[in-house]
Amino acid sequence: MALESAQGKQNKELNSSFFCNKFHCFSSKFLSSKSPPPTRSSMPENGSKVSSPQQRKPGGWKAMPFVLGNETFERLASIGLIANFMMFLLTQLHMEQVLASNVVNIWSGVANFAPLVGAFISDAYTGRFTTIAYASFATFMGMLTLTIIAWVPQLHPPPCNVLQPTNPCQGPTKFQFGILAMALGFLSIGAGGVRPCSIPFGVDQFDSTTEEGRKGINSFFNWYYTTFTIVLIIALTLVVYIQDSVSWVWGFGILTVLMLCSISLFFAGTRLYVYVKPEGSVFSGIAHVVVAAYKKRKVNTSEAGGVDDTYYDPPAPKGTVTEKLRLTNKCRFLNKAAIITEGDMQSNGSISNSWRLCSVQQIEEFKCIIKIIPIWASGVICFTAIAQQGTFTMSQASKMDRRLTSNFKIPAGTLVVISMVTLGIWVPIYDRIVVPSVRKVTILEGGITLLQRMGIGLVFSVMSMVVAGLVERMRRDSAILHHRADGMAPITVFWLAPQLILMGFAEAFNIIGQIEFYNKEFPENMTSLANSLLSCTMAGASYLSALVVNVVHNTTGRKGRPDWLTKDINAGKVENLYFLIAGLGGLNLVYFLWVSRGYQYKTRMRIVRDEENNGTENFDVENNVVKQFV
């Protein structure tokens with residue numbers, strides 16, 4: 001056995017980078033700067049999950065047409081639904097703005113928390129293939145139910161009657177709302193199973209212990225990113241146009257058929273897939289640490305000796321490569337879970353009860369989560385600002401001039417593509433031009449630290465909300481001034497572009513920064529949990545957005561004052577909601593600066609210029625991680 005410190009010099013490598021839009025996350029060249037992701041794992045006696053490569057014949061590229069085809073159709077179906085769902089609730093179910101916003105936010109919150117449950121079930125019980133299979137059927141049932149809702153007149157309110165000025169539009173009945181909730185429930189179950197398992201299942205098809213397998217993994221993520229980009233463009237343009245201008249039945253029906261194609265492709269490749277058995281979840285290890293620390297709460301840690309003779313710190317199983325974390329003094333009460341007491345060890349060296357004794361590795365992995373939670377919390381309000389693109393921004397667009405030509409109107413749900421185009425243009429410029437220039441000054445690998453990048457994104461999100469409020473005030477004043485019967489403001493919808501562009505910059509800095517931050521600060525065997533944190537951020541933002549909207553709706557409009565979020569957007573003051581979110585964002589920025597000041601990175605990479613070798617730049621790595629090779 002040999003221990004090799006991770007400190008030292010490393011050659012310059014590509015950063016792994018993640019891109020995230022309002023609804024899904026996708027990756028480009030994922031893990032290209034890290035060790036190749038494991039395809040097999042085993043559970044040592046201490047309960048921690050580490051990689052253990054085994055001999056097997058991988059599915060490789062033979063399985064990729066089925067995996068990527070399944071992914072492409074599934075994402076096209078789900079994104080095509082989400083992109084314009086707010087307009088469906090407003091125009092077809094005749095919901096008020098607040099109710100429609102609540103439905104979108106609550107459903108989004110459930111759908112984004114569900115992957116945590118899905119990941120646990122997959123890792124601990126069912127495995128990725130089975131989880132994806134059941135989840136895909138659930139998504140299909142949800143899409144089919146929505147199509148039937150749009151098709152059958154009894155399942156949605158009748159068309160608005162302009163001849164009844166007192167009540168021109170009827171909202172959904174309790175029965176109709178219940179059917180809608182059932183459809184969204186199916187879709188949430190589907191999201192909970194597909195999102196956490198789709199990418200790992202694709203990686204499972206390659207053998208990362210071989211050079212060919214590692215190249216295949218990198219190519220898989222490139223293809224994954226490419227197909228996602230294509231799907232995003234199609235969903236935000238063609239699908240939204242069909243829903244708005246042709247028929248909601250056709251719009252949902254096409255997505256349902258695509259989901260059925262996704263399921264068919266997925267099962268067509270069953271003979272080619274590599275299947276990974278469930279091996280336990282990281283959440284089980286967390287539970288063991290908490291329980292063991294509580295049971296040993298009366299043990300005095302000051303009397304403990306060195307790690308080797310007092311704390312349980314076993315070597316990794318033979319044939320594995322894993323990150324070993326050193327014991328730290330932060331959250332020292334958790335260290336008690338690793339103190340070896342009488343009866344904890346059996347004669348063969350294994351532990352007697354995993355609920356009374358945990359390894360140092362398990363404890364330090366739990367501390368990683370505790371350390372990152374304050375930083376994670378700062379992303380919720382940033383995402384709350386981003387979430388408005390799918391709710392009130394669409395309401396604004398629906399009351400503006402959306403004519404691109406005399407015969408074509410831009411669908412309100414398509415406007416969000418502006419922020420995505422901004423993201424797509426800026427990220428390569430940032431990576432290839434900005435970072436190398438700034439790196440010469442700061443001598444940091446990424447030009448600036450990840451926390452600085454996230455902070456810049458918070459500033460952009462606040463600016464976006466301020467601009468959104470100013471534009472909405474101008475739009476409403478224009479609509480009131482011209483007194484049009486349809487309430488339309490005679491100004492172009494492209495006045496919304498500045499706020500969407502600023503929001504694209506917010507995502508480019510904060511959201512991508514979050515993803516990279518989580519993946520670098522968590523150990524490699526916890527990357528699945530790290531990747532799920534952004535989904536939790538989105539869920540928290542959805543609930544916070546719903547809370548703010550309901551508080552504003554229920555507190556304004558009293559004593560003769562106008563309701564900010566009344567059904568008629570021209571009679572309300574949506575700009576005040578934007579200014580309120582901007583104010584919360586300002587307070588959040590102060591909080592972020594406070595919690596990030598004392599944060600200690602797990603890994604720091606600085607440039608060391610070798611003047612004797614033509615000024616070649618290498619990276620000097622400083623961290624507290626030890627690579628153990630057995």
Side-chain angles (χ1 to χ4, degrees), residues 19-28 64-88 104 107-108 111-112 115 132-133 135-147 150 183-184 186-199 201-202 220-269 389-390 411-417 419-421 423-424 535:
F19 301 82
C20 182
N21 73 339
K22 274 60 62 183
F23 317 113
H24 291 270
C25 297
F26 57 92
S27 60
S28 173
M64 283 303 102
F66 304 100
V67 174
L68 289 174
N70 165 258
E71 291 298 315
T72 301
F73 285 128
E74 189 277 331
R75 281 181 276 128
L76 183 56
S78 57
I79 297 175
L81 166 66
I82 298 172
N84 208 30
F85 192 60
M86 180 73 172
M87 297 309 299
F88 174 73
V104 172
W107 170 47
S108 178
N112 283 308
I132 294 175
S136 297
F137 275 113
T139 302
F140 173 74
M141 291 301 298
M143 294 300 307
L144 181 63
T145 305
L146 281 175
T147 304
L184 298 182
F186 277 126
L187 292 172
S188 298
I189 294 173
V194 171
R195 292 185 191 179
C197 299
S198 59
I199 293 179
F201 184 73
F220 165 71
F221 282 108
N222 288 333
W223 278 102
Y224 188 91
Y225 166 69
T226 302
T227 57
F228 189 96
T229 304
I230 296 172
V231 163
L232 191 64
I233 294 173
I234 294 175
L236 293 176
T237 53
L238 179 60
V239 173
V240 171
Y241 176 78
I242 293 174
Q243 293 170 346
D244 274 2
S245 304
V246 180
S247 168
W248 284 97
V249 177
W250 276 101
F252 286 160
I254 291 173
L255 298 179
T256 304
V257 172
L258 290 176
M259 192 61 222
L260 185 60
C261 293
S262 172
I263 295 174
S264 301
L265 272 174
F266 184 69
F267 283 101
Q389 295 179 83
T414 301
L415 284 175
V416 72
V417 83
S419 64
M420 296 308 301
V421 170
L423 182 69
S535 180

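Atoms considered below: every heavy atom in the structure, side chains included; atoms not considered: hydrogens, waters and symmetry mates.
- Atoms OG and CZ, on S264 and F66 in that order, are 11.5 Å from each other to the nearest 0.5 Å.
- The minimum heavy-atom distance between I189 and A135, with the atom names listed, is O-CB, 4.1 Å.
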ask   = Going through the distances and angles, do T256 and T147 end up as a side-chain hydrogen bond (donor to acceptor under 3.5 Å, both in side chains)?
value = CA-CA 8 Å; T256 304; T147 304; 2.8 Å; yes

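- The shortest distance between side-chain heavy atoms of M143 and L258 does not fall below 4.5 Å.
- Smallest separation of non-hydrogen atoms from A191 and P196: O-CD, 3.8 Å.
- Evaluation of the ring-ring contact (aromatic ring centres under 6.0 Å, His included) rule for F201 yields F266, Y273 as partners, not counting sequence neighbours.
- Looking at F252 and F88, their side chains come closer than 4.5 Å, going by heavy atoms from C-beta outward.
- Closest non-hydrogen pair, A235 versus V240, comes out as O-CG2, 3.1 Å.
- Ring centers of F186 and F137: at least 6.0 Å apart, outside the cut-off.
- Residues M259 and S136 have side chains in contact (heavy-atom distance under 4.5 Å, counting atoms from C-beta outward).
- Taken to the nearest 0.5 Å, the CG atom of L255 stands 12.0 Å off from the OG atom of S262.
- Within the 3.5 Å criterion, the main-chain N or O of L187 finds no donor-acceptor partner in the side chain of T139.
- The two residues M87 and A412 make their nearest non-hydrogen contact at SD-CB, 4.2 Å.
- Here the side chains of F85 and L184 are in contact, with some heavy-atom distance below 4.5 Å.
- The shortest side-chain heavy-atom distance between V231 and F73 does not fall under the 4.5 Å cut-off.
- Side chains of N84 and V239 form no contact here, defined as non-hydrogen atoms less than 4.5 Å apart.
- Shortest non-hydrogen contact noted between I132 and G193 is CG1-O, 4.3 Å.
- Remark: W248 CH2 to I242 CD1 distance equals 11.5 Å, nearest 0.5 Å.
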